[in-house]
Amino acid sequence: MRITCPFCGDRDAEEFAVLGSDVGSRPDAAAPDAELRFSDYVYLRDNPAGPNSELWYHGSGCRRWLKVLRDTRTHQILAVELALP
Amino acid sequence: MRYSFLSLALGALRGPAMWPRVWRDATPKPAYDIVIVGGGGHGLATAYYLAKVHGLTNIAVLEKGWIGSGNAGRNTTIIRSNYREPGNIPLYELSMKLWEGLERELNYNTMVSQRGVLNLYHSDAQRDGFARRGNAMRIHGVDAALLDDAGVRAYAPYLDFDNARFPIRGGLLQRRGGTARHDAVVWGYARGADRRGVDIVQNCEVSGIRVMRGAVTGVETSRGFIATTKVGLAVAGHSSRVAAMAGLRLPIESHTLQAMVTEGVKPLIPGVITFGAGHFYISQSDKGGLVFGGDIEAYNSYAQRGNLPVIEEVCEGGMAIMPMLGRLRVLRSWGGVCDMTMDGSPIIDRTPVGGLYFNGGWCYGGFKATPGSGWCFAHLIATETLHDAAAALRLDRFATGHVIDENGQGAQANLH
């Protein structure tokens, strides 16, 4: 697998570490149903067979966090962008 | 027909034409009492025990490919019950007891070989952890023996005991553990279920689960609609996809686990040996090939194949305990889709949808659990109550905080 980093260009996936699927931002702890929302946020996953939005860290390169759209059926990388532009 | 020494002798004389089909390749009927989705080991074992133990036979097992074409044919055939947590031990030990009588039960040679499973430890802290696990096992009536350095040297003298970084100090041995023939397990359960009237339907992919007023009314398949009021899911790596057809989100991610086998060599490895400082486990098949595997791929995948960096890492683990492995050539490697739960322990439970039962989240350890999983899932579907041995494997344990802390790593690959 190769990932095209916006800074470093086309690089081998071994240079990167994957955190996991992009599950969005933390729920509001003050919400009345915060407990339910947190258990969903921490434990439940969409786990799609197809394009999946993931967070990858380019540890052996520019050390930036990337948001990678990758097809889980073929491992094809569909899009890469900076996670925190 | 019943297999026996006599039938084998007759078969040798009369030739292959005398052996009948082992099970029917059924055409689906329009309706069943129970539909099991997934014709792997767990699904077929469930159907078998539903028929055998609970007397329910109007059952279909739906398989999208051919039976045993998924993880049942892609594992490393290890059976063991060396777990630590009270929520896990009873299920795996129930499985082990069923393994011990499986050939007689099924009248099928599943090649269960209790050749022992040895987990190596490499430090004082790890020895303490293993002693604790061994004690937990023995409290639950499971066999466990803590070997010191000399004990392991007698068991497998060729290991790299004085490795500079991970010296081998001893190991936790479960003598009743070992291996079984995975294809035979699938076929044995299929044959047993089929003879009791269960329909095994191949090339029948479920594309939808029909739910009315909160309860299941049937499944849409590639071979037409099948009406039923009870659906049991045993689809391993595809759990999330099938559960989503009923509107459920699961605490599961799908990852690839790879395994590989070397060229055949003379008998070398007495049982199963696992590395304690990395992820590597190895055994020797009856054909002589060394079968080994290691870690999951870090990213989600449904591809049934992995990448080379993980193969390299697994081989490095092997070289760290058994340097002679470097002289062998790997013949082939393969990958399976593992349904990794967030705490690393499986789920056998009802779902919020009436008549829909879930069996999954076996991570990379489902094969050893095949008999017990089928037994407990059949119990749940037939009686609507959780089996005592699987009472902790609840679907809602994540929301209620009753997660099972066996290894505390779940789907997070960097913790393995």
Side-chain angles (χ1 to χ4, degrees), chain A residues 1-5 10-24 27 31-61 63 65-80 83, chain B residues 64 235-245 247-256 296-313 335 337-345 347 360-361 394-403 409-415:
Chain A
M1 231 162 49
R2 295 182 74 81
I3 297 172
T4 305
C5 172
D10 181 37
R11 307 301 279 261
D12 193 278
E14 267 201 285
E15 290 187 6
F16 301 78
V18 61
L19 178 73
S21 299
D22 177 15
V23 292
D33 58 347
E35 202 173 324
L36 185 70
R37 284 196 204 188
F38 264 98
S39 87
D40 285 5
Y41 169 75
V42 173
Y43 294 117
L44 300 189
R45 298 286 186 273
D46 290 331
N47 196 18
N52 188 34
S53 182
E54 299 167 346
L55 292 167
W56 291 71
Y57 176 66
H58 197 181
S60 303
R63 299 197 286 167
W65 281 96
L66 308 177
K67 195 183 267 190
V68 175
L69 190 67
R70 192 180 58 89
D71 193 317
T72 58
R73 294 164 303 185
T74 60
H75 299 167
Q76 189 190 356
I77 309 283
L78 304 168
V80 184
Chain B
K64 74 170 174 176
V235 294
H238 293 271
S239 291
S240 298
R241 292 179 61 206
V242 182
M245 293 172 191
L248 301 177
R249 268 178 102 218
L250 299 177
I252 285 175
E253 284 183 11
S254 296
H255 290 253
T256 300
I296 54 171
E297 301 280 338
Y299 45 80
N300 289 25
S301 174
Y302 285 92
Q304 285 192 321
R305 62 186 160 77
N307 266 309
L308 285 170
V310 167
I311 292 184
E312 187 181 16
E313 194 182 306
V337 187
C338 299
D339 38 343
M340 305 298 298
T341 55
M342 295 298 142
D343 64 354
S345 290
I347 297 162
R394 301 277 303 265
L395 178 59
D396 65 0
R397 68 174 183 266
F398 302 92
T400 60
H402 294 86
V403 290
Q409 53 199 189
Q412 206 63 34
N414 60 336
L415 300 180

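Reminder, nothing fancy here: chain letters follow the sequence lines and each chain counts from 1. Small disclaimer: the values here were computed from a predicted structure and weren't measured.
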Trainee: Would you mind checking which part of B/Asn300 comes under 4.5 Å of any heavy atom in chain A, side chain (CB onward), backbone (N, CA, C, O), both or neither?
Mentor: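 Both backbone and side chain of B/Asn300 come within 4.5 Å of chain A.
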Trainee: So, A/Asn47 and B/Tyr302: side-chain donor and acceptor under 3.5 Å apart, yes or no?
Mentor: yes
Trainee: Nearest 0.5 Å, please: how far is CD in A/Glu35 from OG1 in B/Thr400?
Mentor: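 Reported to 0.5 Å precision, the distance equals 10.0 Å.
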Trainee: Under 4.5 Å between any side-chain heavy atoms of B/Ser240 and A/Arg45, yes or no?
Mentor: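 SC-SC contact between B/Ser240 and A/Arg45 ruled out.
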Trainee: Please round to the nearest 0.5 Å and tell me the distance separating atom CD of A/Glu54 and atom OH of B/Tyr299.
Mentor: 9.5 Å
Trainee: If you look at every heavy atom in B/Glu312 and A/Glu14, which pair is closest and at what distance?
Mentor: OE1-OE2, 4.4 Å
Trainee: What part of B/Arg249 gets closer than 4.5 Å to chain A, counting heavy atoms only: side chain, backbone, both or neither?
Mentor: both
Trainee: So which part of B/Ile252 gets closer than 4.5 Å to some heavy atom of chain A, the side chain, the backbone, both or neither?
Mentor: both
Trainee: So for B/Val337, is it side chain, backbone, both, or neither that comes closer than 4.5 Å to the heavy atoms of chain A?
Mentor: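 B/Val337 has no heavy atom closer than 4.5 Å to chain A.
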Trainee: What residue in B/Ala244, B/Ser254, B/Ala399 has the most heavy-atom pairs under 4.5 Å with chain A?
Mentor: B/Ser254
Trainee: Side chain, backbone, both or neither: which part of A/Asn52 has a heavy atom under 4.5 Å from chain B?
Mentor: side chain
Trainee: How many angstroms lie between atom CG of A/Asp46 and atom CZ of B/Arg241, to the nearest 0.5 angstrom?
Mentor: 14.0 Å
Trainee: For A/Thr72, is it the side chain, the backbone, both or neither that has a heavy atom under 4.5 Å from a heavy atom of chain B?
Mentor: both
Trainee: Would you mind telling me which of A/Ala13, A/Ser39, A/Ala49 has the largest number of heavy-atom pairs within less than 4.5 Å of chain B?
Mentor: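 Looking at each of A/Ala13, A/Ser39, A/Ala49 in turn, A/Ala49 comes out on top.
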